[in-house]
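Let me begin by presenting the structure, written as structure tokens, before commenting on it.
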Amino acid sequence: MDTYYKPQHLHQFGEIAEGNGPLAKKFFDYYGAVFAEGALTEREKCLIALAVAHTIQCPYCIDAYTTGSLEKGADLEQMTEALHVATAIRGGASLVHGMQMLEQVRKKGM
Amino acid sequence: MLDLNSVEAGPKRATSLRSRRSPLALPEEQLRILDGVDLAGGDFDRALEGAGLPVLRPAGVEVFQINVGRLCNMTCRHCHVDAGPDRVRENMDRATIDACLAALDRTDAHTVDITGGAPELNPHFRYLIDACVARGRHVIDRCNLTVLLLPSQRDLPAFLAERGVEVVCSLPHYRQRNTDAQRGDGTYDKSLRALRLLNEAGYGWGDPRRVLTLMANPAGAFLAGSQAAMEAEWKREMARLHGVTFDRLFCLNNMPIARFLEWLLESGNLQGYMERLTAAFNPGAVAGLMCRNTLSVSWDGRLFDCDFNQMLELEADVERPHVRDFDPGALAARRVVTARHCFGCTAGNGSSCGGSTT
């Protein structure tokens with residue numbers, strides 16, 4: 001393997017069934033059901049997936065849900081706003097842990 | 001009109017493939033490039049066969065589509081017609097329009113779909129509309145919106161409204177970025193001004209005699225979305241952002257020919273886009289393909305299975321494919337001419353001049 005990530009793996013994802021077909025089928029059935037139109041639209045689910053993809057920094061998912069979001073009618077500005085939501089949550093998650101720091105500093109300091 | 005011939009008229013930015021003398025102006029060059037893409041499953045007829053479907057044949061002429069010319073006030077980057085202000089020669093004359101009307105009288109087509117270029121710039125456009133309306137046919141004007149702002153077209157919304165003509169307008173997105181990227185800077189604002197003129201003329205408010213349809217195609221190398229899913233969002237956002245109302249949304253895929261093919265080549269997207277189209281082949285989209293219910297006439301009167309075949313010079317497979325020699329029986333028995341570009345209409349939700357085919 002000359003590189004850990006290969007773009008063609010995204011299109012070959014279904015081949016993961018080679019090791020365990022029944023579990024793969026359960027997973028892909030579940031996956032398909034999750035992204036079907038429901039209380040949320042397919043477009044809203046794509047934008048959530050795009051934001052999560054950046055949070056977990058999965059290049060396959062970024063590839064898939066960039067195209068997916070465009071094909072569901074989102075434009076760059078809307079997609080970028082979704083990313084900023086993820087970025088804000090990631091940054092906020094770091095910053096809010098500062099409360100632990102602050103509490104300790106307050107306890108240990110004079 | 002744009003004067004490209006005289007030195008006195010000064011230099012011009014010529015943007016059609018034809019006026020740039022691009023090899024892609026030739027249909028055979030476009031077909032050669034498409035056939036040269038290394039593509040698994042890239043034979044359209046075999047894809048039909050593999051899905052258990054018969055060869056494509058027409059089901060009957062429901063829509064009589066007349067492309068009255070390639071003259072346009074715009075030069076959009078994705079244009080499959082390679083239309084532009086310099087395409088002054090390719091404009092349907094009155095004799096050919098009368099031949100179209102005579103042919104129309106020999107069909108049961110419920111709709112006459114008038115397209116271009118900007119069809120409004122053909123000098124016989126209004127004559128054609130009046131003749132079709134007098135025959136009781138539903139008429140569609142495929143409008144680029146910005147043409148409505150030309151001084152010569154000021155009265156056009158009222159003209160169309162009085163005759164119950166459906167206006168089908170191109171708009172890639174309800175937000176600015178994608179529209180201007182595809183159709184040129186400033187197009188978005190002009191399009192909104194034109195849509196407001198149509199709203200003022202009674203279009204877009206649910207009146208069946210004033211139907212305003214928006215036609216969205218992707219601004220890039222990806223498939224069109226589901227029009228059923230997107231229409232409610234578009235209506236909400238067009239009203240919220242711009243105070244504009246419309247009746248329905250059509251979504252269609254970009255066809256990998258003419259200027260969109262040029263963009264695919266220049267941007268390095270041709271291989272990926274063709275793979276996307278073939279991988280997304282949807283057998284369920286085949287029955288509703290427009291080549292099965294539409295007959296397409298070119299500015300010079302030739303007959304084609306669709307507007308895309310027209311641009312690729314793939315004439316209808318009958319002995320004399322010309323509107324002067326109109327033969328309903330021969331046309332009904334013909335086989336639709338196919339090539340790789342046909343994957344553009346069968347991908348995803350299916351794609352046609354009437355929107356998705358599923």
Side-chain angles (χ1 to χ4, degrees), chain A residues 3 5-18 24 28-29 31-54 58-85, chain B residues 38-41 171-182 188 214-238 240-241 249-254 268-269 271-280 282 347-351 355-356:
Chain A
T3 173
Y5 288 119
K6 293 183 176 175
Q8 63 267 33
H9 285 169
L10 179 61
H11 308 294
Q12 297 165 343
F13 190 16
E15 295 174 19
I16 206 72
E18 189 174 320
F28 287 118
D29 286 348
Y31 198 100
V34 163
F35 280 92
E37 184 103 0
L40 295 177
T41 65
E42 290 183 353
R43 179 176 166 281
E44 288 166 336
K45 290 180 181 185
C46 262
L47 287 169
I48 293 170
L50 182 69
V52 173
H54 283 77
C58 168
Y60 301 118
C61 309
I62 292 171
D63 184 349
Y65 289 102
T66 297
T67 304
S69 297
L70 288 170
E71 292 188 345
K72 299 299 178 200
D75 74 354
L76 177 64
E77 286 152 330
Q78 294 167 329
M79 291 158 67
T80 306
E81 282 189 22
L83 259 59
H84 279 292
V85 172
Chain B
D38 183 15
L39 207 55
L171 192 73
H173 204 272
Y174 59 78
R175 293 164 54 78
Q176 183 168 4
R177 172 183 288 271
N178 287 351
T179 302
D180 283 356
Q182 180 182 87
Y188 184 72
L214 296 188
M215 193 106 199
N217 54 313
F222 51 94
L223 300 184
S226 159
Q227 63 192 31
M230 285 163 59
E231 184 178 283
E233 178 200 340
W234 273 60
K235 284 186 172 177
R236 185 185 69 238
E237 293 300 297
M238 287 294 281
R240 182 177 73 88
L241 297 172
L249 177 71
F250 285 169
C251 294
L252 84 165
N253 294 329
N254 286 314
N269 276 303
Q271 178 77 34
Y273 189 65
M274 292 308 294
E275 286 174 1
R276 183 83 184 100
L277 292 183
T278 49
N282 179 1
N349 300 304
S351 182
S356 72

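So you know, we letter chains A, B, ... as the sequences are listed, proteins then strands, and number each from 1.
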Checklist entry - Can you tell me how far the NZ atom of A:Lys72 sits from the OG atom of B:Ser226, to the nearest 0.5 Å? => result 7.0 Å
Checklist entry - Counting heavy atoms not belonging to A:Ile16, are there more than 12 under 6.0 Å from its CD1? => result no
Checklist entry - How close do A:Glu71 and B:Leu223 get, heavy atom to heavy atom, and via which atoms? => result OE2-N, 2.8 Å
Next on the checklist: Is A:Glu42 close to chain B through its backbone or its side chain, or both, or neither, when contacts mean heavy atoms under 4.5 Å?
Outcome noted: neither
Checklist outcome for this item: Answer key: most heavy-atom pairs under 4.5 Å with chain A among B:Arg175, B:Met230, B:Arg276, B:His173 is B:Arg175
Item to check | Point-to-point distance, once rounded to the nearest 0.5 Å, from OH of B:Tyr174 to CG of A:Asp75 | outcome: 7.0 Å
Checklist entry - Would one find more than 12 heavy atoms of other residues, nucleotides or ligands at under 6.0 Å from atom CD of A:Glu81? => result no
Checklist outcome for this item: One should read off an interatomic distance between A:Thr67 OG1 and B:Phe222 CZ, to the nearest 0.5 angstrom, of 8.5 Å
Checklist outcome for this item: Turns out that what part of B:Glu275 lies under 4.5 Å from chain A's heavy atoms comes down to neither
Checklist entry - Counting only heavy atoms not in A:Glu18, do more than 12 fall under 6.0 Å of its CD? => result no
